[in-house]
Amino acid sequence: MSAQLMIVEDDTRVRTSLRLAMEDEGYVVAEAEIAEAALDQVRAHGVPDVMIVDLMLGGGMDGYTCIREVRRDHDVPIIVVSARDDTHDVVAALEAGADDFVTKPFEVKELTARIRALRRRTRAAIERESTELVLDGERRLVLSQERGSVQLDGRDVHLTLTEFRLLCELAANDSLVLSRQVLLDKIWDRGFFGDERIVDVHVRRLRTKIERDPADPRLIVTVRGLGYRLDVRP
């Protein structure tokens with residue numbers, strides 16, 4: 001069955017050219033000019049396999065809000081495609097829940113490569129077995145990589161695909177420090193513009209979901225000048 005892809009873009013020419021290019025790649029493509037229409041389609045027909053979202057949209061909702069609304073209930077991989085490339089815009093899009101960011105103008109081959117990479121990570125994230133860890137001496141974290149789920153002290157934790165992959169990678173390395181570049185290579189398929197800030201943004205988002213006090217993290221620890229490690233203790 002062909003993968004389902006949704007394009008949320010208010011520029012008709014860009015949206016049409018993207019649709020034709022993605023259909024040539026074998027995707028079944030849905031289109032939405034405004035965020036409200038995209039959300040209606042998700043509610044009516046279910047979440048697609050991948051979403052491409054512009055930040056500057058018509059209607060009453062911008063791309064950031066669209067991403068946050070989707071993220072409330074779904075883990076669909078989301079790629080932002082936008083002419084806005086300021087650091088604030090990139091970080092804000094990632095904070096909202098995007099997995100990747102491509103700046104306009106772009107090569108279609110780059111975008112399709114990033115889509116394929118996201119889908120590979122989606123498949124890989126559900127191919128492993130469950131792992132149970134004891135964190136900071138007492139809290140129990142269970143990663144069910146077969147189901148793509150996380151429980152912390154018996155409570156389900158809702159993570160995006162990228163957050164889940166990040167947590168699995170830290171857990172798989174058993175308290176070892178992983179540099180930002182190593183995490184980029186492993187999780188983002190050789191990086192994201194060669195820019196390490198994407199790692200920091202996703203670590204910050206992950207901390208808000210599993211730390212008692214995200215401002216004073218005890219589970220995902222920053223090792224200054226080196227990177228991050230998961231504090232796993234016997």
Side-chain angles (χ1 to χ4, degrees), residues 1-82 90 92-104 106-127 145-150 158-166 187-189 192 198 202 205:
M1 181 180 295
S2 298
Q4 309 286 317
L5 186 146
M6 178 182 289
I7 300 168
V8 188
E9 167 65 66
D10 63 348
D11 187 313
T12 302
R13 290 177 298 177
V14 173
R15 192 174 65 252
T16 300
S17 63
L18 265 179
R19 175 178 58 79
L20 293 174
M22 295 301 106
E23 287 176 344
D24 284 344
E25 292 286 326
Y27 292 97
V28 175
V29 181
E31 300 178 51
E33 185 175 0
I34 59 175
E36 292 86 345
L39 296 174
D40 286 344
Q41 289 189 48
V42 169
R43 284 189 286 266
H45 305 295
V47 66
D49 295 300
V50 182
M51 291 184 71
I52 298 172
V53 181
D54 189 14
L55 294 180
M56 300 174 66
L57 299 170
M61 189 182 296
D62 61 19
Y64 302 108
T65 307
C66 178
I67 294 168
R68 283 192 290 268
E69 288 296 311
V70 172
R71 278 285 174 254
R72 289 174 59 185
D73 301 303
H74 304 292
D75 294 334
V76 54
I78 299 174
I79 298 178
V80 167
V81 176
S82 177
V90 175
L94 298 173
E95 291 278 16
D99 295 289
D100 208 339
F101 195 109
V102 177
T103 304
K104 295 177 181 177
F106 58 88
E107 294 289 338
V108 171
K109 287 184 178 180
E110 177 191 0
L111 181 59
T112 56
R114 289 179 181 271
I115 292 172
R116 287 194 296 270
L118 271 177
R119 299 198 66 227
R120 283 197 302 271
R121 299 203 299 268
T122 302
R123 290 191 294 268
I126 62 174
E127 288 176 354
Q145 298 184 50
E146 182 178 355
R147 293 170 47 224
S149 65
V150 178
H158 180 79
L159 301 182
T160 68
L161 168 66
T162 304
E163 291 162 357
F164 181 76
R165 288 269 295 168
L166 176 60
I187 298 172
W188 283 272
D189 288 339
F192 178 88
I198 190 173
H202 281 86
R205 279 171 34 187

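- Taking all atoms of both residues into account, the shortest heavy-atom contact from A98 to V80 is CB-CG2, 3.7 Å.
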Residue pair I115, I52: steps toward the side-chain contact (heavy atoms from CB on, under 4.5 Å) verdict:
CA-CA 9 Å; I115 292 172; I52 298 172; 3.9 Å; yes
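- One N or O on the side chain of D99 and one on the backbone of I78 form a donor-acceptor pair closer than 3.5 Å.
- In this structure the side chain of E25 reaches within 4.5 angstrom of the side chain of R116, judged on heavy atoms.
- Residues satisfying the salt bridge (Lys or Arg N to Asp or Glu O under 4.0 Å) criterion with R68, sequence neighbours excluded, are absent altogether.
- For A35 against C66, the heavy-atom pair with the smallest separation is CB-CB, 3.6 Å.
- The salt bridge (Lys or Arg N to Asp or Glu O under 4.0 Å) pairs that include a residue from residues 9-18 are E9-K104, R15-E31, where partners are two or more places apart or lie in different chains.
- Side-chain atoms of D49 do not come within 3.5 Å of backbone N or O of L5 as any donor-acceptor pair.
- Residues M61 and L57 come closest through the heavy atom pair O-CB, 3.8 Å.
- The side chain to side chain donor-acceptor pair (under 3.5 Å) check on E95 picks up R204, with sequence neighbours excluded.
- For H158, the side chain to side chain donor-acceptor pair (under 3.5 Å) partners at least two apart in sequence or on another chain are D75.
- Sorted by first and then second residue, the side-chain hydrogen bond (donor to acceptor under 3.5 Å, both in side chains) pairs involving residues 33-42 (not counting sequence neighbours) are D40-R43.
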Would E23 and L20 count as a side-chain contact (heavy atoms from CB on, under 4.5 Å) here? Give the steps.
CA-CA 5 Å; E23 287 176 344; L20 293 174; 4.1 Å; yes
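- Closest of all the heavy-atom pairs between F101 and V90 is CE1-CA, 3.8 Å.
- Put simply, the side chain of R19 never gets that close to the backbone of M6: no donor and acceptor are under 3.5 Å apart.
- Take Y64 and apply the side chain to side chain donor-acceptor pair (under 3.5 Å) test, not counting sequence neighbours, and it matches D89.
- Closest of all the heavy-atom pairs between R71 and A96 is CG-O, 3.9 Å.
- Atom-to-atom distance recorded for R114:CZ and I79:CD1 is 7.5 Å, nearest 0.5 angstrom.
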Decide yes or no on side-chain contact (heavy atoms from CB on, under 4.5 Å) for L111 and L18, but give the supporting numbers first.
CA-CA 10 Å; L111 181 59; L18 265 179; 3.4 Å; yes
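- Across every non-hydrogen atom of V81 and D54, the tightest pair is O-OD1, 3.0 Å.
- By the side-chain contact (heavy atoms from CB on, under 4.5 Å) test, A21 is found to be paired with V108, residues two or more places apart in sequence or in another chain being considered.
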